[in-house]
Amino acid sequence: MDKGLFIDYCSYEASKYAVLNYHYSKAMPSGKLVRFGVWEDKEFIGSVLFGTGANPHIATIVNLTPYEVCELVRVALNTHKNPVSKIVSFCMKKLRKDFPNIKAVVSYADPMQNHKGKIYQAMNWIYLGETKGQTHFMQDGKFYHSRTINQKKVENKDFDLNLYDKVHTKKYKYLYLFEKDLKKNIKGEVKNYIA
């Protein structure tokens, strides 16, 4: 592989280290995960994770079952020599080879992080526009998903929601099809890339 790039499965602990240290969310995604480690010149530089994602209806985008679609949930990389699009592409090839039932991958770019999805555009993913948006909660500059807040309410009867600011966020949605003929199944309009 070019520039000493090597991709293989890694432990939960290695992925967690990468996410906590190299990803803006500083949070491991929940649910079942496929965790790829990324090495350059034999040095661990991070992890790329695929999972079930937060949207239980993710597969309906292309008329597939939940077992045929996954989400690219984290790209957590330290300083690297190879382009991110190349690293993710290698992980996708391994995902496709080892999980042939997966026919599509969805991912989101977060405009609040100044992300427009340039890595997806470089890999020729399909842009599906903006999501409907979700309510997040913010405290001391840190974002909390509504599920996290609901869990805090369950665990603590004295929980004060007024300590959090409500923020409505949208993301850019991208889709990659391993089987190109599935493009005819896409629900909704395919959009032009954002500049």
Side-chain angles (χ1 to χ4, degrees), residues 1-3 5 7-9 15 18-19 22-25 27 29 31-38 40 45-77 80-134 169-195:
M1 294 185 183
D2 294 355
K3 297 184 182 174
L5 181 62
I7 307 287
D8 204 352
Y9 297 106
S15 279
V19 169
Y22 311 139
H23 194 267
Y24 68 87
S25 71
K32 295 190 179 200
L33 299 170
V34 175
R35 304 173 309 271
F36 291 113
V38 183
E40 283 183 343
I45 61 155
S47 186
V48 176
L49 295 88
F50 297 86
T52 51
N55 180 358
H57 308 292
I58 193 172
T60 60
I61 298 167
V62 279
N63 235 1
L64 294 171
T65 70
Y67 303 103
E68 296 173 305
V69 181
C70 68
E71 183 181 327
L72 172 57
V73 289
R74 295 288 185 277
V75 177
L77 300 171
H80 48 87
K81 294 183 269 185
N82 289 279
V84 177
S85 57
K86 182 177 184 179
I87 292 169
V88 171
S89 178
F90 281 17
C91 292
M92 300 262 294
K93 284 176 186 169
K94 188 156 181 59
L95 179 79
R96 177 62 170 162
K97 179 176 176 284
D98 295 349
F99 299 89
N101 58 309
I102 298 291
K103 296 179 180 175
V105 181
V106 173
S107 196
Y108 303 89
D110 189 348
M112 294 196 72
Q113 298 296 323
N114 292 321
H115 295 169
K116 294 182 179 177
K118 294 296 182 186
I119 64 168
Y120 311 123
Q121 294 177 18
M123 295 170 61
N124 293 316
W125 287 45
I126 298 165
Y127 176 53
L128 299 175
E130 292 184 352
T131 61
K132 290 179 182 173
Q134 293 181 330
T169 62
K170 293 184 178 185
K171 293 185 179 179
Y172 303 128
K173 183 191 267 185
Y174 288 87
L175 172 70
Y176 187 87
L177 299 173
F178 288 117
E179 298 179 9
K180 300 304 176 193
D181 63 325
L182 289 172
K183 194 168 182 179
K184 65 181 183 298
N185 293 0
I186 294 174
K187 291 182 180 176
E189 186 183 342
V190 173
K191 311 277 187 182
N192 294 324
Y193 287 153
I194 323 160

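Residues I61 and K173 approach most closely at CD1-NZ, 3.7 Å, considering heavy atoms.
Side chain to side chain, T131 and Y108 fail the donor-acceptor criterion of an N or O pair below 3.5 Å.
Note on ring orientation: taking the six-membered ring where Trp is involved, the planes of F50 and F36 are perpendicular (angle over 60°, cut-offs 30° and 60°). The aromatic rings of Y193 and Y174 are tilted relative to each other, their planes meeting at an angle between 30° and 60°.
No close placement of the Y22 and H80 rings is indicated, their centers lying 6.0 Å or farther apart.
Applying the side-chain contact (heavy atoms from CB on, under 4.5 Å) rule to D98 yields the partners Y9, K94; only residues at least two apart in sequence or on another chain are considered.
Taken to the nearest 0.5 Å, the OH atom of Y172 stands 9.5 Å off from the CG atom of D110. Annotation: the span from L5 atom CG to K86 atom NZ amounts to 6.5 Å, rounded to 0.5 Å. Interatomic distance, Q121 CD to Y127 OH, rounded to the nearest 0.5 Å: 9.0 Å. Taking CD1 of I126 as the reference point, atom NZ of K191 lies at 14.0 Å (rounded to 0.5 Å). How far CG of L72 is from OH of Y176: 12.5 Å, rounded to the nearest 0.5 Å.
Applying the side-chain hydrogen bond (donor to acceptor under 3.5 Å, both in side chains) test to residues at least two apart or on different chains, the pairs with a partner in residues 55-66 are T65-E68.
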Under the criterion side chain to side chain contact (heavy atoms under 4.5 Å, CB included), I'd like the reasoning laid out for V19 against S25: C-alpha separation, chi angles, the key distance, then a yes or no. CA-CA 8 Å; V19 169; S25 71; 4.3 Å; yes

